[in-house]
Structures are given as C-alpha cells and as structure tokens.
Amino acid sequence: MAHSHNHGQEPTNYNRAFIVSVALNTGFVVIEAIYGLVANSLALLADAGHNLSDVLGLLLAWGATILARRQPTARRTYGLRRSSILAALLNAILLLVASGAIAWEAIQRFLQPSPVSDATIIGVAAVGIAINAGSALMFLSDRQRDLNIRGAFLHLVADAVLSLGAVLAGIAIVATGSLWFDPVVSLIIVAVIVVGTWQLFQESINLVTDAVPAGIEPLAVRTYLAELPGVAGVHDLHIWAMSTTETALTAHLIIPTGYPGDAFLVRVAQELHDQFSIEHTTLQIETGDPSYPCSLAQENVVL
C-alpha cells in the first residue's frame, strides 16, 4: 500500500477578519435590538436576531478554522480538520431555526399590527448595510474553496441585503403609512435566509456523511486511474472530505506487473491534486492473483 499527502495552497489565516467581524456585528446587534424595541419594529428586531445568530455562526466558523490547524495525534490521526465541516452544518441549522422564529413573529405582527418608527428603521438598518458589507469583503478571497468560510461570507452578504430590506420597509411606511410593510419585509428576510442557507446545509450534510465533495466527478477520477499505464482494474475507490478544504482518496489498483515504483505514486498523487483538487491520496497496489482475491473487489462491499 502506498500513500501520498499533497498539500495544496494553505488557507488564509482569517483571525483578524473574524475578530473585526465579530466585534462589529456584536456591537451592531446591541444597537439594533435597542432601537428595534424603542421603535417597535419587528423588521429591526428580526434583523437583530439574525445578526445575533450570525455572530454565533462567525464564532463557530472561527473556532473551526483554529481547530483545523491542530496537529494530528495518536488518537486523532487526521487532527481536527473535520470540525470545519461540523461548524458549517451547525451554522446552517442555526440560521434555519432563526428563520422559523422570525417567520412566526412576522405572522403574529400581521394579525396584530403595531406602529413603528420609520426613521429609526432607516437609520439603524443603513448602518447595518455598511457593517455587514464591509465584513463580508474580508472573507471574499476563499469563499469558493472553503465551505466554512463561504458560510461566514454568505451570512454577512445576506445580512447586508436584509438591512437594505429594512431600509426599504421604512421608506415604504413613510410613503404609504401602511404598517404591513414591516412584517412583509420580515418574511422576505426569512425567504432570503432560507434560500441562502439551504445549499450550505445540503453541502454540509453531504460532507458529514462522506459524500464525494461537490466539484469532483467520481467517474472522471475512476477513469483517470483506470487509464494509468499498467493498471488493469480499479476497485474500492473512495473520495471524501477531510475538512472543508481538503479531500482524501483511497483506491485499490490492479497492476499485474507488480509495484510500479515511488515515482509512479508521486506522479499520480500530483495529477489527482492538479486535476481534481485531491490532497490526500492512498493507493493499494495488487497484482490480481486469483489465488488471493481482494475481499473489497465488489463495488457493493465495504468492510
């Protein structure tokens, strides 16, 4: 059995971005909640609740990036890389639960409309647009390659859009005097959160259950391995996420001529990295001797 670990580009250290984002958003949650109560605005209170869930989400994502850098131990042989996947899943669940609470409050406000202070809504929410948009920019660079960072980025972008919605609600109330704009905006907030969170939730579930990460086509990987020089067959192929940034692969290659040498394994590991973004490759070489058949040769067998 041969093994190769090919590290890709190291993820950016986001400690400073997390510190600034958590501090700004925590302060804004306090301000927004106070003004929401004073102005009797569900739109502001809903946005404050969502921002609070995002602060918790940022803390989860931040903690996961720190844990993912921990070195492997004799007991945790992969380290704590997988914590970034759990953080992304917890973030998605947290947002979905918050969405349900916001929707419930909005429905209650429809049944019992209450006056709101439109000027307060506009002023406080405008500050939220600046804070969340600025925070999101700090997570822009790695959003496509790290599900954990993408979760933080999408939440902040959503918050900026939701704050814009609160501003529009205030303007609509000023223009028409209709109080129903406030709960309507709250329900729009819920819709935006759910739509933006659902993909994060699905991808997190897939990674937690060891599905092949999005962006990697298993058949293409199998075809690549099967077409390598000297390879007569491929079985027991597994591709899964070690973290939100690292993918692992194990496979058995049947090479009748025997062990192909270290140069072959190094080349295959490098090409798997370059073509499929697979960093951690483990290959077992077999000759296909019928006297010693592999117990994992059948595709539906996993021991």
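All heavy atoms count here, side chains included; hydrogens, waters and symmetry mates do not. Source: prediction; values computed, not measured.
- Here the CD1 atom belonging to Ile85 is positioned 8.5 Å from the OG atom belonging to Ser204, to the nearest 0.5 angstrom.
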CA sep, side-chain torsions, deciding dist, call: Gln275, Tyr224, side chain to side chain donor-acceptor pair (under 3.5 Å): CA-CA 10 Å; Gln275 296 182 33; Tyr224 162 78; 5.2 Å; no
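- No continuous path of ILVMFWY side-chain contacts below 4.5 Å connects Ile254 to Phe264, so the two sit in separate hydrophobic clusters.
- The environment of CD in Gln199 is sparse: at most 12 heavy-atom neighbours from other residues, nucleotides or ligands sit within 6.0 Å.
- With no hydrogens or angles considered, no side-chain donor-acceptor pair links Thr245 and Asp146 at under 3.5 Å.
- Put simply, the side chain of Arg70 never gets that close to the backbone of Ile66: no donor and acceptor are under 3.5 Å apart.
- The same ILVMFWY cluster, assembled from side-chain heavy atoms under 4.5 Å apart, contains both Ile239 and Val231.
- Across all their heavy atoms, Ala64 and Asn148 have their closest contact at CB-ND2, 3.7 Å.
- Counting only distance, with no hydrogens or angles, the side chain of Thr77 and the backbone of Ala74 share no donor-acceptor pair below 3.5 Å.
- The side chain to side chain donor-acceptor pair (under 3.5 Å) check on Glu217 picks up nothing, with sequence neighbours excluded.
- Counting all heavy atoms, side chain and backbone alike, Gly230 lies closest to Pro256 at O-CD, 3.6 Å.
- Formation of a donor-acceptor pair under 3.5 Å by the Thr197 side chain with backbone atoms of Val194 is not found in this model.
- In this structure, CD on Gln284 lies 11.5 Å from CD1 on Ile255, to the nearest 0.5 angstrom.
- Atoms CG and CZ, on Leu24 and Phe28 in that order, are 10.5 Å from each other to the nearest 0.5 Å.
- Contact detail for Asn91 and Gly57: the closest heavy-atom pair is OD1-CA, 2.6 Å.
- Among all heavy-atom pairs drawn from Ile93 and Phe201, the shortest one is CG1-CE1, 3.9 Å.
- Linking Ile, Leu, Val, Met, Phe, Trp and Tyr whenever their side-chain heavy atoms come within less than 4.5 Å leaves Leu96 and Trp104 in two separate clusters.
- Across Ala160 and Asn132, no two heavy atoms sit closer than the pair N-CB, 3.6 Å.
- For Arg82 (side chain) and Thr244 (main-chain N/O), no donor-acceptor pair under 3.5 Å exists by modelled atom type.
- Formation of a donor-acceptor pair under 3.5 Å by the Asp236 side chain with backbone atoms of Leu296 is not found in this model.
- At least one donor-acceptor pair closer than 3.5 Å links the side chain of Thr209 to the backbone N or O of Asn206.
- Taking the six-membered ring where the residue is Trp, Phe18 and Trp62 present parallel rings, their angle staying beneath 30° rather than reaching 60°.
- For the atom pair CD1 (Ile205) and CG (Leu89), the distance works out to 4.5 Å, reported to the nearest 0.5 Å.
- Although no hydrogens or angles enter the test, the distance criterion places a donor-acceptor pair under 3.5 Å between the side chain of Ser84 and the main chain of Arg81.
- The cluster map of Ile, Leu, Val, Met, Phe, Trp and Tyr, joined by side-chain heavy atoms under 4.5 Å apart, puts Leu249 and Ile285 in the same cluster.
- In this structure, CZ on Arg76 lies 10.0 Å from CG on Leu67, to the nearest 0.5 angstrom.
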